[in-house]
Amino acid sequence: MDQYRDFARLYDPLMRDVDYDAWSEYLLTLLGGQSLAVVDCACGTGAITLRLARAGHRLTGIDISGEMLFYAQEKARDFGFRIPFVQQDMRSFEVHRPVDAVISACDGVNYLTSLADASRFFDCAYRALKPAGKLLFDISSRRKLETVVGNSTFGEDDGEHAYLWRNAYDEKTKLIRMDLTFFERQGELYRRFTETHLQRAHSERELMPRLEKAGFIDIRAYAAFETAPPSPDEERIQFIAQKPN
């Protein structure tokens, strides 16, 4: 699952168009409460982690990529936050003491490339939570990965960085392979490197019973950034589930 190596250095510049402020405000609304202990799984470079900490919550960031965590820690230090960032696999993560919420934003669960792996994450989250604690995560929908992103090529060049992103979707396995080629300006030349990312197009119908099997109750799926059920055309789906009291 460690699919961010050199890309970690370029992740923030290439994701600059993502409205992390709005995303964080949405999660804060779903979380409710004040000064909650929150674990951010697949936290990446900490864009969501830092914003939730700024809102007064007590964050721990978890990611499988040491490179991503390096940049998350650097940003936390720059903002004066003392946030523990821990290199763990979200399929087997553990916490020292139970927390109020476990979150995973921006496709973290899509990177779990089998339903068995998704179930392992749900089980870990359930064990990590206090009674009545919440699990929040989102996915890129199957429709998005099949028809919007799948079997397509994308690219961008901002003068300092450029990338080519070629996708291939497998209908049988529901896996999308993303072959990325990056060009990073270094003086008069560009450094080229490649990475391959793999995601699974999970569906609401598949994940709901697995959340139930893990022990969660009051399981809901929303259209991302809303509190209404997702439409068939939804490209991102937000899930929220609770551990019994």
Side-chain angles (χ1 to χ4, degrees), residues 1-5 7-8 11 23 27 38-45 47-49 60-69 72 85-95 99 101-129 134-146 148-150 167-180 195-216 219-222 224 230 234-241 243:
M1 283 180 57
D2 189 355
Q3 299 170 350
Y4 290 88
R5 295 180 181 86
F7 185 21
Y11 187 82
W23 204 324
L27 292 176
V38 181
V39 172
D40 185 2
C41 288
C43 68
T45 61
I48 297 289
T49 321
T60 298
I62 289 175
D63 202 283
I64 199 168
S65 169
E67 289 83 357
M68 296 290 270
L69 292 177
F85 288 98
V86 184
Q87 187 172 8
Q88 290 195 77
D89 188 325
M90 65 190 290
R91 297 169 295 184
S92 56
F93 81 93
E94 297 178 344
V95 295
V99 297
V102 173
I103 69 170
S104 183
C106 199
D107 291 2
V109 171
N110 288 108
Y111 276 98
L112 302 175
T113 55
S114 71
L115 291 171
D117 282 349
S119 292
R120 292 185 185 101
F121 168 58
F122 299 156
D123 290 339
C124 289
Y126 188 89
R127 288 192 295 269
L129 287 168
K134 295 178 179 177
L135 169 63
L136 283 71
F137 67 91
D138 64 74
I139 59 169
S140 285
S141 69
R142 180 164 292 174
R143 176 187 175 275
K144 175 184 176 181
L145 294 186
E146 279 184 340
V148 178
V149 178
N167 299 327
Y169 182 76
D170 187 317
E171 175 62 35
K172 183 177 180 180
T173 63
K174 310 302 181 189
L175 295 178
I176 182 168
R177 176 188 170 105
M178 306 174 182
D179 292 313
L180 298 104
E195 290 190 6
T196 296
H197 290 234
L198 197 65
Q199 291 190 2
R200 187 177 189 277
H202 300 301
S203 71
E204 181 183 347
R205 179 179 56 82
E206 292 171 331
L207 296 181
M208 287 291 200
R210 284 164 175 81
L211 286 163
E212 291 178 0
K213 186 176 181 181
F216 287 100
I219 304 165
R220 287 166 280 165
Y222 295 143
E234 211 64 54
E235 293 189 9
R236 184 169 299 280
I237 301 173
Q238 175 71 46
F239 291 81
I240 179 168
K243 184 172 182 175

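Residue numbers start at 1 and run along the sequence shown.
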Can you find a pair of side-chain heavy atoms, one from Thr60 and one from Val99, that are under 4.5 Å apart? no
Can you list everything that forms a ring pair (Phe, Tyr, Trp, His ring centres under 6.0 Å) with Phe137? Sequence neighbours excluded, please. Phe122, Phe239
Roughly how far, to the nearest 0.5 Å, is CD of Gln238 from OH of Tyr222? 9.5 Å
If I compare all heavy atoms of Met90 with all of Ser104, which pair ends up nearest, and what's the gap? CE-OG, 3.7 Å
Smallest heavy-atom separation, Cys43 atom then Leu69 atom, equals SG-CD2, 3.6 Å
Pairing residues for Lys174 by the salt bridge (Lys or Arg N to Asp or Glu O under 4.0 Å) criterion, not counting sequence neighbours: Glu171
Tyr111 versus Ile64: any side-chain heavy-atom pair under 4.5 Å? no
Please name the pair of heavy atoms, one in Asp138 and one in Ala105, separated by the smallest distance, quoted to 0.1 Å. OD2-CA, 3.1 Å
Any sub-3.5 Å donor-acceptor pair from Asp107's side-chain atoms to Asn110's backbone N or O? no
Pairwise side-chain contact, Leu207 with Ile237, heavy-atom cut-off 4.5 Å (strictly under): no
Side chain to side chain donor-acceptor pair (under 3.5 Å) with Arg177: which residues, sequence neighbours excluded? Asp179
Is any side-chain heavy atom of Val39 closer than 4.5 Å to a side-chain heavy atom of Ile103? no
Glu234 to Ala224 - nearest heavy-atom pair and separation: OE2-N, 4.4 Å
Residues that Phe85 engages under ring pair (Phe, Tyr, Trp, His ring centres under 6.0 Å), provided they are two or more places apart: none
Check side-chain contact (heavy atoms from CB on, under 4.5 Å) between Ser203 and all other residues, then give those that pass, not counting sequence neighbours. Arg142, Arg205, Glu206
Distance (rounded to the nearest 0.5 Å) between Glu204 CD and Ile139 CD1: 8.0 Å
First locate atom CG of Leu198, then atom CG of Leu175, and finally report the distance between them rounded to the nearest 0.5 Å. 5.0 Å
Look up atom CD1 in Ile240 and atom CG in Leu211, then write down how far apart they are to the nearest 0.5 Å. 11.5 Å
Less than 4.5 Å apart, any side-chain heavy atom of Val109 and any of Cys41? no
Are Val148 and Arg143 side-chain neighbours, meaning at least one heavy-atom pair lies under 4.5 Å? yes
Salt-bridge criterion met for Asp123 and Lys213 (N-O under 4.0 Å): no
Would you please say whether a donor-acceptor pair under 3.5 Å links the side chains of His197 and Gln199? no
Could you grab the distance from atom OG of Ser65 to atom CD of Gln87, nearest 0.5 Å is fine? 7.0 Å
Can you sort out the partners of Arg120 under side-chain contact (heavy atoms from CB on, under 4.5 Å), two or more places apart, ordered by chain and number? Arg91, Ala116, Asp117
Closest non-hydrogen atoms of Ser92 and Cys124, given as atom of the first, atom of the second and distance, are CA-SG, 3.5 Å
Indicate yes or no: at least one non-hydrogen side-chain atom of Phe121 is less than 4.5 angstrom from one of Val102. yes
Heavy-atom pair with the smallest gap, counting every atom of Leu145 and Ile176: O-CD1, 3.8 Å
